[in-house]
Protein chains: 2
Amino acid sequence: MSMGDVIDRGERGRVTLQVIAEKLDVSTATVSLALRDSPVVAEATKSRVQALARELGYIYNRSAASLRTARTNMIAVGFHDITNPYFAEMLVAVEETAAEAGRTILLGTYGESLERQERVLGTLKEYRPDGMILCPAGGATAESLAHLTAARIPVVQISREIEGVGLDFVGSDDVQGAHLAIAHLVELGHTRIAMIGGMEDTSTGWCRHRGYREAIEKHGLRFDPDLVYMDYGTRQTGLAGIQKVLALPDPPTAAFCFNDLTAFGALLGLRRCGREAGLDFSIVGCDDVQEAAQWYPALTTVRNNHAEMGRRAAELLIERIERPDLPPRRVLIRPELIVRASTVAA
Amino acid sequence: MSMGDVIDRGERGRVTLQVIAEKLDVSTATVSLALRDSPVVAEATKSRVQALARELGYIYNRSAASLRTARTNMIAVGFHDITNPYFAEMLVAVEETAAEAGRTILLGTYGESLERQERVLGTLKEYRPDGMILCPAGGATAESLAHLTAARIPVVQISREIEGVGLDFVGSDDVQGAHLAIAHLVELGHTRIAMIGGMEDTSTGWCRHRGYREAIEKHGLRFDPDLVYMDYGTRQTGLAGIQKVLALPDPPTAAFCFNDLTAFGALLGLRRCGREAGLDFSIVGCDDVQEAAQWYPALTTVRNNHAEMGRRAAELLIERIERPDLPPRRVLIRPELIVRASTVAA
DNA sequence: CTGAAAGCGCTAACAA
DNA sequence: TTGTTAGCGCTTTCAG
């Protein structure tokens with residue numbers, strides 16, 4: 001076919017199964033099967049169909065197929081924040097695992113706004129993804145996800161957990177993570193240990209705070225609410241938090257930060273106060289994002305294996321899509337302490 | 001309606017316009033219009049329809065609507081790497097702008113692999129997004145995007161540009177950015193300035209290298225190929241590159257890095273050699289990711305306004321979706337030098 | 001091995 | 001203001 005020929009592109013100017021079928025004088029059913037390489041179609045027919053499809057620049061229309069099959073092969077990902085490298089790196093793991101399984105990611109973000117989350121999840125669900133991977137905004141309740149379970153959409157929660165919602169969950173054992181951090185600091189001889197960042201309206205915040213308190217008391221130290229600075233885990237929180245606790249009459253000599261971002265902020269705030277982690281103060285982060293190893297000083301932190309978390313979540317979801325009646329599963333990834341240069345003996 | 005009633009969920013167990021229409025004894029057309037709040041439908045009817053829809057947990061089916069309207073309200077984003085905060089932050093800007101305009105993001109990533117890019121873009125296009133925002137893998141050619149233009153999919157390139165492909169582009173004036181960096185270093189008295197990172201198979205790499213060389217020569221310095229270390233812009237590249245040039249018989253006293261990630265690596269490598277940027281060496285980065293201001297030393301860098309880039313790209317794309325015949329546009333965002341602590345007089 | 005026909009859930013023309 | 005009708009592009013029985 002030369003460039004001069006007018007290609008019959010159908011009413012809408014598009015190449016569809018219909019136009020291929022007509023040109024080849026076969027049925028659309030045959031074309032459909034041939035393009036999917038069905039064993040039921042004669043080899044010769046298949047080649048003819050496939051060749052013509054390529055020639056005409058046929059593009060499979062997944063909307064149409066989805067309408068028919070009630071499958072979209074899309075996985076919706078709702079994250080509060082992908083600006084945090086922890087979640088960006090997790091998202092990459094999800095995306096890659098999904099892509100390997102022939103799924104594409106539909107993405108929505110909503111910060112810590114429940115209202116935006118509601119809107120975003122509502123929209124995502126209208127695209128009829130085969131399933132969703134969610135990390136809810138702070139304060140989200142079982143109720144706020146009820147519309148998803150009602151619609152019987154397979155959902156796996158990642159990192160942050162809403163309990164009693166009967167959904168799969170993949171996350172870190174955050175209580176244990178806090179224990180590791182505090183044990184390390186206690187071992188170094190610290191007795192006044194602050195906790196910076198983390199909110200109670202989030203499972204990660206709540207669990208890490210609980211682990212912090214448990215560990216403090218387990219080691220025979222006194223829990224002092226003044227040493228606790230709560231806010232969402234941002235660099236800004238770390239910066240403000242460390243300065244706050246350092247201004248105390250009886251300041252801490254170490255701090256456990258809710259996440260690495262907060263720790264980075266704290267490292268900075270420390271320096272502004274003329275102190276330096278690893279010299280006259282100790283900071284432990286949580287997450288172990290790539291950046292952590294490269295800070296100065298390199299950050300001692302609790303590794304949550306977020307890439308694995310992303311991968312496992314995608315795998316779990318795909319399993320659940322195939323077997324919707326599986327009982328809810330809860331995958332807790334074991335955190336590990338990574339000791340680097342930001343902690344020293346008291 | 002009590003919980004005991006069996007809700008007619010249609011053949012597939014789903015609530016569709018059909019089932020609402022039947023229950024209310026109106027036509028699906030009316031239901032469709034009512035749900036979209038058409039002024040043509042009587043208020044009373046609208047309320048009845050909307051109330052029942054809510055009660056039954058009706059979920060709009062965008063696949064079905066798309067099939068009919070040939071519009072999906074999805075924007076596909078193909079990025080090589082969202083692990084780089086530069087692109088993650090850009091993606092957030094794209095996502096937010098798109099969401100404000102009622103569009104949802106379909107995401108694909110492919111690293112620097114042309115083969116993966118081909119596969120990913122192919123898949124994305126089958127979902128029939130209304131448009132695409134792309135940052136191609138290194139070495140991508142006009143040819144490798146030809147299938148998109150052939151399918152008449154509105155595309156805007158972001159950050160990296162493939163020329164002669166006739167597509168919209170939003171990016172930074174990379175040549176100018178390099179000029180700013182070099183001018184700053186020359187002003188500080190540096191005469192041996194390295195360039196670390198960046199590949200010629202990428203417009204950003206190529207332009208920054210060109211700008212580097214032009215600026216070097218414009219200031220009467222000698223261009224020395226030994227001072228140039230080429231590789232993709234990663235932390236690893238920075239780490240390796242700085243060590244390489246420092247080992248030279250006549251080492252540089254300053255380096256311009258392809259991007260901030262590379263600069264972070266270089267800062268690290270420098271320290272491993274017992275040197276410190278801002279004291280006995282100067283490093284200029286490029287991008288100004290959030291992390292840059294918080295490094296130690298804080299990174300002097302060329303700000304590319306990547307958030308604005310993301311926003312503009314989304315805006316441009318939405319315009320083009322509405323007016324496909326617009327001539328290709330090229331938006332160059334003016335870079336600015338942000339002087340911080342990683343540079344000092346020679 | 002191939003074709004005919006129906007239908008997924010929605011919207012848009014047109015008619016009433 | 002509402003209903004009728006057709007059809008978007010695909011897959012899937014069921015016949016042949």
Side-chain angles (χ1 to χ4, degrees), chain A residues 8-50 53 56-74 125-130 151, chain B residues 8-50 53 56-74 125-130 151:
Chain A
D8 176 4
R9 287 171 172 283
E11 296 298 304
R12 269 186 193 181
R14 296 206 153 286
V15 180
T16 66
L17 292 190
Q18 185 72 253
V19 346
I20 297 179
E22 278 165 14
K23 282 200 192 289
L24 255 29
D25 208 41
V26 295
S27 72
T28 59
T30 301
V31 176
S32 173
L33 291 168
L35 288 177
R36 281 175 294 155
D37 212 25
S38 162
V40 90
V41 178
E43 283 305 327
T45 320
K46 269 201 247 182
S47 339
R48 284 168 61 222
V49 170
Q50 287 167 2
L56 296 181
Y58 169 76
I59 304 171
Y60 181 62
N61 186 328
R62 287 180 186 257
S63 284
S66 296
L67 187 56
R68 181 63 231 234
T69 60
R71 272 295 197 106
T72 58
N73 289 307
M74 292 192 296
K125 119 183 126 169
E126 295 179 343
Y127 284 101
R128 300 293 158 93
D130 294 337
Chain B
D8 175 4
R9 288 170 172 281
E11 297 297 307
R12 268 189 196 181
R14 296 208 152 282
V15 180
T16 66
L17 293 189
Q18 186 73 252
V19 345
I20 297 179
E22 278 164 15
K23 283 202 191 288
L24 255 31
D25 207 42
V26 295
S27 73
T28 59
T30 301
V31 176
S32 173
L33 291 168
L35 288 177
R36 282 175 294 156
D37 211 26
S38 161
V40 91
V41 178
E43 283 303 329
T45 319
K46 269 199 247 184
S47 337
R48 284 169 58 222
V49 170
Q50 286 166 3
L56 296 182
Y58 169 75
I59 303 170
Y60 181 61
N61 186 328
R62 288 180 186 255
S63 284
S66 296
L67 188 56
R68 181 65 231 232
T69 61
R71 272 293 198 110
T72 58
N73 288 307
M74 293 192 295
K125 123 183 125 167
E126 295 180 341
Y127 284 100
R128 295 294 205 278
D130 294 338

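Chain letters run A, B, ... following the sequence lines, proteins first, then strands; residues in each count from 1.
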Measure the distance from [atom1] on [X] to [atom2] on [N] and round it to the nearest whole Å.
X	N	atom1	atom2	value
A:Glu126	C:dC10	CD	C1'	13 Å
B:Gln18	D:dG3	CD	P	13 Å
A:Glu22	C:dG3	CD	C1'	14 Å
A:Tyr127	C:dG9	OH	C1'	16 Å
B:Arg62	C:dT11	CZ	C1'	15 Å
B:Leu17	C:dC8	CG	P	12 Å
A:Asp25	C:dG3	CG	C1'	11 Å
A:Leu24	C:dG3	CG	P	10 Å

Between [options], spot the one nearest the side chain of [X], thanks.
X	options	answer
A:Leu67	C:dC10, C:dC8, D:dC10	C:dC8
A:Val26	C:dG9, C:dG3, D:dG3	C:dG3
B:Thr30	C:dC10, D:dT2, C:dT2	D:dT2
B:Tyr58	C:dC10, C:dA6, D:dG3	C:dC10
A:Arg68	C:dG3, C:dG7, D:dA6	C:dG7

Using the test side-chain contact (heavy atoms from CB on, under 4.5 Å), find all partners of [X] that sit at least two apart in sequence or belong to another chain.
X	value
A:Ser38	A:Leu33, A:Val40, A:Val41
B:Ala151	A:Ile59, B:Ile153
B:Ala65	B:Tyr60

Mind checking whether A:Asn61 and A:Thr16 have side chains closer than 4.5 Å, heavy atoms only?
no
Within the 4.0 Å heavy-atom criterion, would you say B:Ala29 contacts the bases, only the backbone, or no part of the nucleic acid?
base
Need one value for B:Thr45: base, sugar-phosphate or nothing, where a base atom within 4.0 Å counts as base even if backbone is also close, heavy atoms only.
sugar-phosphate
Would you mind listing every salt bridge (charged side-chain N to carboxylate O under 4.0 Å, His left out) that reaches into residues 25-39 of chain A, with sequence neighbours excluded?
A:Asp37-A:Lys46
In Å and rounded to the nearest 0.5 Å, what is the CZ to NZ distance from A:Arg48 to A:Lys23?
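Nearest 0.5 Å value for the CZ-NZ distance: 13.5 Å.
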How far does CE of B:Met74 sit from CE of A:Met74, to the nearest 0.5 angstrom?
5.0 Å
Take the C1' atoms of the five end pairs on each side of the helix from C:dC1-D:dG16 to C:dA16-D:dT1, get both axes, and report the angle to 10 degrees.
30°
Those residues that, when tested against B:Ser27, pass side chain to side chain donor-acceptor pair (under 3.5 Å) (two or more places apart):
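Applying side chain to side chain donor-acceptor pair (under 3.5 Å) to B:Ser27 gives B:Thr30.
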I'd like to check the side chain to side chain donor-acceptor pair (under 3.5 Å) partners of A:Thr72; sequence neighbours left out, ordered by chain and number.
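Counting only residues at least two positions away or on another chain, A:Thr72 forms a side chain to side chain donor-acceptor pair (under 3.5 Å) with A:Asp130.
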For A:Ser66 and A:Arg71, work out which heavy atoms get closest and say how close.
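A:Ser66 and A:Arg71 have their closest heavy atoms at OG-O, 3.0 Å.
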Taking only residues two or more places apart in sequence, or in another chain, which ones meet A:Arg62 in a salt bridge (charged side-chain N to carboxylate O under 4.0 Å, His left out)?
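Per chain and number, A:Arg62 pairs via salt bridge (charged side-chain N to carboxylate O under 4.0 Å, His left out) with B:Glu126.
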Is it true that a side-chain atom of A:Gln18 and a backbone atom of A:Thr28 form a donor plus acceptor pair closer than 3.5 Å?
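Not confirmed, A:Gln18 side chain does not pair with A:Thr28 backbone.
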Residues in contact with DNA chain C, drawn from residues 32-43 of chain B - heavy-atom cutoff 4.0 Å:
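Within residues 32-43 of chain B, the residues near DNA chain C are B:Ser32, B:Arg36.
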Could you list the protein-to-nucleotides 14-16 of chain C atom pairs, N/O on both sides, closer than 3.5 Å?
none

